[in-house]
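Notes follow the structure.
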Amino acid sequence: MHVSPLLLLTTLTSLSLVTAHGKVAVVQGDAGGNGTALGIIGGIVPGYGPNDQTEVDTTVFKRVRIATDGLGETTRDGENKAGCLSETMVQSGNVLPQVSADNGSISGTFHIVTTDGAGPISAIIDTGATGKFSQGVEATVLTDVPGKKGNIKTNGEVPRSLSTLSLFKRGAENVNRDFPFQIQVPAGTNCTGSVAGQKNVCFMKIANKNKAGPFGGVIAFQITSSNGSVQASVIKKAKRFSS
């Protein structure tokens, strides 16, 4: 069943039409730092409950193809913007995820909200942090999120066939399960974006391929040199603001 993001935003009170979600809840860089996806509003969103309460901060993208422009949108706040990174950092800390220049990676937790918000996932990097993923570089998923074409059973098991989920007979059901993921950042990645007072920023789009969404999130990170120079400069700046 395909439901456009526009229809999703206008039918929150009708559970039979509301599609499911999976979101990037938290991420870390292999060299330190923490983050979460743009639009995430934290622990006030319930894990179990009606779809219109559990899905409010999940990012929905318009196209299944990962290499498409845009930062997605949420039902709570509408279109995600690069400036939302400021709100994200209030929740996750002053240091963005730091990724090693060689063989670095992003690890995190993908929260499957309901039965068609699952894996597998794909990832792509926009080195300018503007949302131009059509010009981005695809990243390799090392540890994937379970699922079949974005679907999973309520108990967290991958269905043998999509017909076992009865998705065409009722709205997606609550899953409320967390799964780890890890994504390798290609060596030589050079982050050039300036966002929310942060320099040398990359955006990474992480999403499943469910046609009802797709669902996932956009996270920010920085590349750190072998001596941690980027990370050190960000920490120094954060201390100056807090003084």
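Any value given below was found using the heavy atoms of this structure, including those in side chains, with hydrogens, waters and symmetry copies removed. What you are looking at is a predicted structure, and each value in this text was computed from that prediction instead of being measured. For the single chain, residues carry numbers from 1 onward in sequence order.
Across every non-hydrogen atom of Pro97 and Asn34, the tightest pair is CD-O, 3.3 Å. The heavy-atom pair separating Ala82 from Ala129 by the smallest distance is CB-O, 4.4 Å. Nearest heavy-atom pair, Val145 versus Phe179, reported as atom, atom and distance to 0.1 Å: CG1-CB, 4.3 Å. The nearest pair of heavy atoms linking Lys23 to Thr58 is CD-OG1, 3.6 Å. Closest approach of Arg63 and Pro214 over heavy atoms only: O-CG, 3.2 Å. In terms of heavy atoms, Val175 sits closest to Ile112 at CB-O, 3.8 Å.
Under the side-chain hydrogen bond (donor to acceptor under 3.5 Å, both in side chains) test applied with Lys205, the options Asp69, Asp126, Thr68, Thr59 reduce to a single match, Thr68.
Here the NZ-CD1 distance, from Lys209 to Ile66, works out to 6.0 Å after rounding to the nearest 0.5 Å. Note that CD of Glu73 and CD of Glu79 are 7.0 Å apart. Values are rounded to the nearest 0.5 Å. Distance check, rounded to the nearest 0.5 Å: CG of Asn174 to OG1 of Thr154 gives 9.0 Å. Separation of atoms CD1 (Ile152) and CD (Glu173) is listed at 13.0 Å; rounding is to 0.5 Å. To the nearest 0.5 Å, the span separating CD1 on Ile183 from CE on Met204 amounts to 5.0 Å. Atom CG of residue Leu96 and atom CD of residue Gln28 lie 13.0 Å apart, to the nearest 0.5 angstrom.
Distance alone, capped at 3.5 Å, is enough to place a donor-acceptor pair between the Asn208 side chain and the Ala118 backbone. Under the 3.5 Å distance criterion, the side-chain polar atoms of Asn210 are matched with a main-chain donor or acceptor of Asp116. A donor-acceptor pair under 3.5 Å is absent between the side-chain atoms of Ser100 and the main chain of Asn103, judged by distance alone. No donor-acceptor pair closer than 3.5 Å links the side chain of Thr115 to the backbone N or O of Asn151. At distances below 3.5 Å, at least one donor-acceptor pair connects side-chain atoms of Asp144 with backbone N or O atoms of Ile121.
Considering only residues two or more places apart in sequence or on other chains, Thr88 meets the side chain to side chain contact (heavy atoms under 4.5 Å, CB included) condition with Thr36, Leu38, Leu85, Ser92.
For Lys132, the NZ atom counts as loosely surrounded, since its 6.0 Å shell holds 12 or fewer non-hydrogen atoms of other residues, nucleotides or ligands.
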Please list every donor-acceptor pair under 3.5 Å in which a side-chain atom of residues 186-193 meets a protein atom from a residue at least two apart or in another chain.
residue, atom, partner, partner atom, Å
Thr189, OG1, Pro186, O, 2.6
Thr192, OG1, Thr127, O, 3.3

List the steps and the verdict of side chain to side chain contact (heavy atoms under 4.5 Å, CB included) for Phe221 and Val201. CA-CA 6 Å; Phe221 69 92; Val201 178; over 6 Å; no

Go through the steps to decide whether Leu71 and Phe133 satisfy the test side chain to side chain contact (heavy atoms under 4.5 Å, CB included), and finish with yes or no. CA-CA 9 Å; Leu71 302 175; Phe133 295 107; 4.0 Å; yes

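Sorted by first then second residue, the side chain to side chain donor-acceptor pair (under 3.5 Å) pairs that include residues 178-187, not counting sequence neighbours, are Ser105-Gln182, His111-Asp178.
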